[in-house]
Amino acid sequence: MNAFTYRGGVLHAEAVPLPRIAESVGTPFYCYSTAALDAAWHAFADAFAGSDVTICYAVKANSNLAVIRTLAQRGAGADVVSVGEMRRALAAGIPPERIVFSGVGKTAAEMAEAVEAGIYQINVESLPELRALSAVAAGLGRRAPVAVRVNPDVDARTHAKISTGRKENKFGIDIDLARAVYAEAAALPGIRPVSVAVHIGSQLMELEPFRMAFERVAELVRVLREDGHDIRRMDLGGGLGIRYRDEAPPSHGEYARIVREVAGALGCHVTLEPGRALVGNAGILVSSVIYRKEGVGRNFLILDAAMNDLMRPSLYDAWHTIVPVKEPGPGSAVQPIDVVGPVCESTDTFAVQRPLPPVAEGELVAFLSAGAYGAVMASTYNTRPLIPEVLVNGSDFAVVRRRPTIEEILAAEAIPAWL
Ligand SMILES: *Cc1c(COP(=O)(O)O)cnc(C)c1O
């Protein structure tokens, strides 16, 4: 399903022409499609129909309340990595029993809030964290339901900066040490070890690393059961890749088959934590061309969007397809051009020598597949206010996060009395 298509020569989000949103909120802005979120949800969830699976949307991919609510209404739980994200998930209507708390550095205050909220599970990534959680939970008279996130030492074969399942990564506890950790966990007063968790990376394009990681987890579950632990759940993480350019992501059906094969044999309830796969292709970033700069042997398209609005290209050399909002005429020639933002960094470059049809100053362009790890990573570098987010639903649209004013940014700062 593609929610972003040309109609009558103009790029639309569902039935809304993008220039209409641009007039209303100004550029740049993020635009999400309800129909695309719905389609991505169903593509994922339907593959698991009839299985004992809870899909906990990894909120960090796009934590806008309206996006979380859209998925929550369709049955999603949440995977959160901070207390801020937990509050978002709760505010969006996800019940605590469907929330998993992941992340390598939870503070005691975050743990206390999660335990008091009564969330489904806390995924622990180190022994010090396990002991700290026990102390917090016991202090509240509770035993926290815990999964130990293991590091299975599997190469996810994705970009190094989004790989998390190798020994050298900071994530999880070495799977070979897991038995001893569960033994300690069971003896701690504030811990109830209920599950084993794994998450090996993001934007995976092959199923084999998933299978290897899941099988290692399954083997561990068997060993832990022999050791007397009552493990009836597995948390198999997220990471399923999407198409940005010409990649061929694994089929949801095949992915689901692997999950079922591994977990079904153990009779485990499974939680999954997809982020990018649910939202990545449900959002775009729309920007205006400020200038066309013709250099010596190199031309630049200077946009009003920058690396602080969409970091992925400068952070991970990520590719986003860029299209003009005004549909190029048939046979219109493409020219290679560097697409850059106005921030004072050379890495503020979205694309180098990208073949694009002619786009004039003042016209709009759209970055496709910007729904995941886009708005959530934005900063106000160069005192550029965070850009608005808009959610489209059929022929309706709503601003789901407004653009702060520069006055609001300045108001959070103070000049001390001695100045
Ligand atoms: C980031 C993250 C996810 C989601 O990853 P995607 O690649 O967006 O699916 C899931 N689980 C954990 C623990 C994560 O850190």
Side-chain angles (χ1 to χ4, degrees), residues 37 40-41 43-45 47-48 53-63 67-68 71 76-82 84-86 89 98-106 114 119-126 129 146-152 154 156-166 169-173 195-207 209-210 213-214 217 234-244 247 249-250 252 255-256 259 270-283 311-312 315-316 318 369-377:
L37 289 168
W41 170 262
F44 200 97
F48 291 96
V53 166
T54 304
I55 300 169
C56 291
Y57 165 54
V59 164
K60 76 173 191 283
N62 184 324
S63 59
V67 170
I68 303 175
L71 294 171
D79 171 54
V80 302
V81 294
S82 71
E85 284 190 356
M86 187 182 83
R98 299 173 76 80
I99 297 178
V100 173
F101 196 156
S102 304
V104 290
K106 299 171 212 79
I119 66 169
Y120 179 71
Q121 183 172 298
I122 300 180
N123 293 358
V124 164
E125 303 213 15
S126 68
E129 191 192 21
V146 160
V148 173
R149 175 171 172 183
V150 294
N151 185 326
V154 168
R157 295 203 281 263
T158 182
H159 192 288
K161 288 185 181 166
I162 48 176
S163 184
T164 58
R166 297 304 300 275
N169 298 127
K170 69 177 177 182
F171 299 98
I173 291 179
S195 182
V196 179
V198 74
H199 171 73
I200 57 172
S202 199
Q203 185 57 7
L204 268 71
M205 279 297 140
E206 296 168 46
L207 287 170
F210 282 123
F214 297 170
V217 168
M234 294 164 89
D235 182 335
L236 298 180
L240 193 64
I242 63 165
R243 181 178 193 140
Y244 282 94
E247 307 92 331
H252 292 74
Y255 173 72
V259 170
V270 171
T271 45
L272 296 169
E273 305 168 346
R276 192 189 308 269
L278 296 182
V279 295
N281 277 319
M311 266 179 77
R312 298 185 66 258
L315 195 60
Y316 316 128
S369 313
Y373 307 105
V376 284
M377 281 194 182

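These values consider heavy atoms only, across backbone and side chains, with no hydrogens, waters or symmetry-generated copies. Whatever order the structure lists ligands and atoms in, that order sets their numbers, starting from 1.
- A donor-acceptor pair is defined here as one N or O able to donate and one able to accept, closer than 3.5 Å; no such pair exists between the side chain of Arg149 and the backbone of Phe171.
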Phe48/Val270 under side-chain contact (heavy atoms from CB on, under 4.5 Å): CA gap, chis, key distance, verdict: CA-CA 10 Å; Phe48 291 96; Val270 171; over 6 Å; no
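- Listed by number with element, the atoms of ligand 1 under 4.0 angstrom from any heavy atom of Ser102 are 13 (C).
- Checking Asp235 against Ser195 by side-chain atom types alone, no donor-acceptor pair falls below 3.5 Å.
- The shortest non-hydrogen separation linking Arg243 to Asn281 is O-ND2, 3.2 Å.
- When non-hydrogen atoms are compared, ligand 1 lies under 4.0 Å from the side chain of Asp79 (C-beta onward) but not from its backbone.
- Of the heavy atoms in His199, only side-chain atoms (C-beta onward) come closer than 4.0 Å to ligand 1.
- Here the heavy atom of the protein found nearest to atom 8 (O) of ligand 1 is Tyr373 OH, 2.6 Å.
- By the criterion of a heavy-atom distance under 4.0 Å, the backbone of Pro274, and not its side chain, is placed next to ligand 1.
- The contact set between ligand 1 and Ala58, taken as ligand atoms under 4.0 Å from a residue heavy atom, comprises 3 (C), 4 (C), 10 (C).
- What sits closest to atom 13 (C) of ligand 1 on the protein, heavy atoms only, is Glu273 OE1, 3.4 Å.
- Between Gly239 and ligand 1 there is a heavy-atom distance shorter than 4.0 Å.
- Among the atoms of Gly275, some N or O lies under 3.5 angstrom from an N or O of ligand 1.
- Backbone and side-chain nitrogen or oxygen atoms of Val81 are examined, and none is located within less than 3.5 angstrom of a nitrogen or oxygen of ligand 1.
- Distance alone, capped at 3.5 Å, is enough to place a donor-acceptor pair between the Tyr57 side chain and the Asn62 backbone.
- Counting protein heavy atoms only, atom 7 (O) of ligand 1 is closest to Ser202 OG, 2.3 Å.
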Does the side-chain hydrogen bond (donor to acceptor under 3.5 Å, both in side chains) test come out yes or no for Glu125 and Asn123, once each step is laid out? CA-CA 7 Å; Glu125 303 213 15; Asn123 293 358; over 6 Å; no
Begin from the C-alpha positions of Thr54 and Tyr120 and carry the test side-chain contact (heavy atoms from CB on, under 4.5 Å) through to its verdict. CA-CA 11 Å; Thr54 304; Tyr120 179 71; 5.6 Å; no
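- Judged by distance alone, the side chain of Gln121 and the main-chain N or O of Phe101 form no donor-acceptor pair under 3.5 Å.
- When only non-hydrogen protein atoms are considered, atom 2 (C) of ligand 1 lies nearest to Lys60 NZ, 2.3 Å.
- For ligand 1 and Arg149, the ligand atoms under 4.0 Å from any heavy atom of the residue are 13 (C).
- Glu85 and Lys60 are not joined by a salt bridge, as no carboxylate oxygen comes within less than 4.0 angstrom of a charged side-chain nitrogen.
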Go through it in stages, so that I can follow the logic: the residues are Asp79 and His199, the test is side-chain contact (heavy atoms from CB on, under 4.5 Å), and I'd like the CA-CA distance, side-chain angles, deciding distance and then a yes or no. CA-CA 12 Å; Asp79 171 54; His199 171 73; over 6 Å; no
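- Close contacts between ligand 1 and Arg276 involve ligand atoms 6 (P), 8 (O), 9 (O) [criterion: under 4.0 Å to a heavy atom].
- Close contacts between ligand 1 and Gly238 involve ligand atoms 9 (O), 10 (C) [criterion: under 4.0 Å to a heavy atom].
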